[in-house]
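Only a predicted model underlies this, so the values are computations on that prediction, with no experimental measurement involved. Chain identifiers are assigned alphabetically (A, B, ...) following the order of the sequence lines, protein sequences preceding nucleic acid strands; residue numbering begins at 1 within each chain.
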Amino acid sequence: MKNILEREIPEFIEGYGNVKQYKGYLSNKDGVIKKDFKFKTISAQDSKLHTDLNKLMDKLPLKDGMVVSFHHHLRNGDFVLNMVMEEIEKRGYKNITIAASSIFPCHKGLVKMIEDKVVTQIYAAYISGPVAEAISQGKLERPAIMHTHGGRARIFESGERTIDVAFMAAPTSDEYGNINGVDGKSACGALGYAHTDAELANIVVAITDNLVEYPNTTIEINQTLVDYVLVVDAIGNPKGIVSGTTQITKNPIGLKVADLTAKFIEESGYLKNGMSFQTGAGGISLAVAAQLKNIMKRKEICGSFASGGITGYIVDMYKEGLFKALFDVQCFDLDAIKSAKENPAHITMSASMYANANNKGAVVNKLDVVILGATEIDTNFNVNVTTGSNGVIMGGSGGHSDTAAGSKLCIIVSQLVNSRISVVKDKVTTLTTPGETVDILVTERGIAINPLRKDLLEKFKDSKLPLKTIEELREIARNMTGQENEIEFEDEIVAVVEYRDGTVVDTIKKVK
Amino acid sequence: MKLRRTMLFMPGNNPGMLQTADTFGADSVIFDLEDAVALTEKDAARILVTEAMRTMNYGETEVVIRINPLSSPFAMTDIDKMARLKPDAILLPKATPEDMEILKKELERIEKEEGFESGTIKVHALVETAYGVETVYETIKSSNRIQAVLLGGEDLAADLAVKRTKDSEELFYARTKVVNACKALKVDAIDTPFTDTNDYEGLAGDSRKAKMLGFSGKLAINPRQIDTIHEVYSPTKQEINNALRVMAAKEEAEKEGLGVFSLDGKMVDLPIINRAIQTLEIAEMIGLLD
């Protein structure tokens with residue numbers, strides 16, 4: 001059947017099960033029941049500390065068909081997932097589900113495990129690189145489940161799925177499992193995506209390359225949640241974990257888009273004392289922050305908070321008094337890590353607090369303005385950040401759908417035509433974020449307001465900004481690129497795109 | 001009146017730049033076949049510029065094509081291929097009266113062959129040699145195709161065997177000479193680019209200095225320079241208000257049948273009125289009038 005977003009979604013998907021159909025971004029207002037959680041008693045005589053992965057594995061109740069989880073704070077420098085999965089593969093286990101908050105190119109070793117049926121299902125909010133390609137080629141036995149950051153917290157908090165063992169990269173830990181991400185050679189900053197796993201997995205193994213004397217004096221995840229601590233030589237490659245400094249784009253088109261975006265925000269009325277703001281670490285997103293910074297300083301505006309993945313640039317804005325606090329789920333660079341450690345108003349938060357739609361209120365609900373990217377956006381403002389122009393998976397929602405739904409003003413920034421490809425389509429290849437939650441598209445050739453936002457259309461009716469309808473932008477792009485050929489897919493569903501509330505917004509088919 | 005506060009150079013062999021040329025807000029864009037294009041890329045640049053001119057709609061933005069100097073082996077092919085595209089103007093580098101004569105003849109031939117109205121292919125002259133500076137008046141005088149003279153400070157400094165500096169003192173004579181010739185013959189004078197693309201304060205200072213000397217705009221080598229130059233070359237709120245008050249006082253005086261009138265105790269004469277009209281024209285064109 002076609003859902004309300006005009007996507008063809010079956011009622012039942014083989015390897016996934018019955019489908020809950022999307023009925024609008026606010027339709028599922030049921031809170032989730034937090035899963036029953038049983039502590040294991042650890043007495044004073046017990047030691048949690050291990051230095052040999054092999055020996056530790058002997059102690060764990062591993063089995064075929066289990067769910068093992070990982071967080072992605074070490075990003076493309078992560079060693080932990082590979083290290084653990086290689087051991088699981090060696091031991092001959094099959095049919096494993098990996099619940100990783102994200103999967104990166106450094107996890108390419110999984111491809112062979114997928115082919116060999118060691119790994120048969122994957123849950124993630126973002127997948128890029130060889131694993132994404134393997135999924136698109138139909139190699140994974142069951143469809144991958146591509147949820148949102150908030151959706152992941154909901155899935156496990158509700159008990160919809162259970163994590164058997166969480167293998168948790170811990171940049172610093174003591175022998176009793178008091179963990180932080182801000183110290184050590186593999187420091188990554190906030191550990192927002194690890195909280196769900198720590199709180200809800202049946203067994204939690206902290207894996208660290210920086211064991212400190214008990215007690216660790218900075219604690220993000222505490223000892224009451226951790227079963228074992230494994231010390232290894234290295235949990236990651238610092239070069240792939242964070243960048244030294246995150247740079248603002250010098251691309252003139254990106255700067256033009258950023259300039260228009262900042263002007264739009266200024267005119268929108270949202271730029272005022274107490275404004276909350278989120279932007280990514282991408283070139284254009286950061287350039288928007290840079291432009292906003294100038295306006296905020298000129299107008300002497302102090303915002304409430306900036307949230308999301310935090311960069312040094314946002315930290316500087318906080319230090320200059322432009323925001324009162326930072327809500328941080330993950331750090332993108334060294335300056336952000338330093339700030340997370342030093343500044344009391346740099347508050348780390350869990351993925352659930354950040355973005356879960358079905359708890360008692362996520363931070364995204366308090367967001368005024370969010371700046372997001374898009375691989376494609378259609379004339380109904382539906383956004384694709386999951387598949388590329390060839391139909392192959394190359395990303396995923398992350399917090400895209402969560403922040404779009406929670407914020408008062410969701411702005412998509414993009415170059416209209418890039419390398420002969422138009423960002424505006426008649427229909428997106430994959431629907432990640434429903435158009436009803438997207439308010440504005442800003443491109444170098446004009447700004448389109450979602451017709452659902454009648455208040456903004458009215459407010460901007462006399463604006464001197466280059467306002468256009470999204471259909472006009474589509475037409476401008478089409479005149480340059482011509483009509484695109486449709487991507488051809490097989491019938492087989494290789495991944496399911498789950499909205500933050502667990503309904504299915506789209507499916508991804510096997511590429512030809 | 002055509003505004004040329006900024007004329008932005010874009011490499012003719014960069015498809016991405018050709019595609020987005022009009023989005024940066026420059027009053028003119030110059031598709032470059034000369035310095036920005038390697039010797040082995042000249043053909044590619046001609047083909048790309050041709051395709052861009054046929055495909056893209058650059059709207060109100062003036063589109064200029066810089067050909068290679070007539071002393072190079074590429075110039076005649078450049079003229080033959082580019083003039084037929086009828087850009088808003090051809091930019092002649094290292095312009096001299098002698099080269100202008102040659103270009104003129106070529107353009108006349110092409111206009112005939114293409115059935116274009118005679119004299120409709122316009123030219124901008126890039127003055128960037130000591131000889132070019134000394135003969136700039138004759139160059140402009142040689143053809144009514146010329147609409148603007150652009151000063152090229154880098155090549156000129158090399159020709160003068162002087163160091164190119166940030167404050168451009170070495171260009172003072174050339175700047176004033178070019179401005180004077182342009183004003184005398186009623187064409188636009190466009191100042192040399194400021195080459196440090198990360199120094200916005202320096203760019204603003206250099207632009208202010210050139211505006212003070214009489215230039216009507218400035219070349220830009222990076223889109224990021226445009227806003228800064230526009231700020232300098234756009235009338236300020238105060239200038240617009242003054243101009244509006246002058247025009248209002250003029251209207252009042254005319255009603256009362258007064259030939260001469262004063263404002264704030266100062267006599268207002270024709271040059272002041274003309275300047276007010278010009279200020280308001282520019283303000284209107286760039287949307288600064290409510």
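- Counting heavy-atom neighbours within 6.0 Å of A/Lys272 NZ, excluding the residue itself, gives a total of 12 or less.
- Annotation: B/Lys86, atom NZ; neighbour count of heavy atoms from other residues, nucleotides and ligands within 6.0 Å is above 12.
- Counting heavy-atom neighbours within 6.0 Å of B/Lys209 NZ, excluding the residue itself, gives a total above 12.
- Contact annotation for A/Ile253: both backbone and side-chain heavy atoms come within less than 4.5 Å of a heavy atom of chain B.
- The shortest non-hydrogen separation linking B/Thr20 to A/Arg445 is CA-NH2, 3.7 Å.
- Under the 4.5 Å side-chain criterion, counting only non-hydrogen atoms from C-beta, B/Thr55 is not in contact with A/Met480.
- More than 12 heavy atoms of other residues, nucleotides or ligands lie within 6.0 Å of NZ in A/Lys464, so this atom counts as buried by the packing criterion.
- Under the 4.5 Å side-chain criterion, counting only non-hydrogen atoms from C-beta, B/Asn198 is in contact with A/Lys250.
- Ranking A/Val417, A/Asn479, A/Ile476 against chain B, the residue ahead of the rest is A/Val417, based on heavy-atom pairs under 4.5 Å.
- Within 6.0 Å of CD on A/Gln483 lie more than 12 heavy atoms contributed by other residues, nucleotides or ligands.
- Contacts between residues 148-157 of chain B and chain A, counted as heavy-atom pairs separated by less than 4.5 Å, involve no residue at all.
- Between the CG atom of A/Leu255 and the CZ atom of B/Phe24 there is a distance of 9.0 Å, given to the nearest 0.5 Å.
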>> Determine whether B/Thr23 and A/Thr443 satisfy the following criterion, side chain to side chain contact (heavy atoms under 4.5 Å, CB included), listing intermediate values before the conclusion.
In response: CA-CA 10 Å; B/Thr23 61; A/Thr443 73; over 6 Å; no

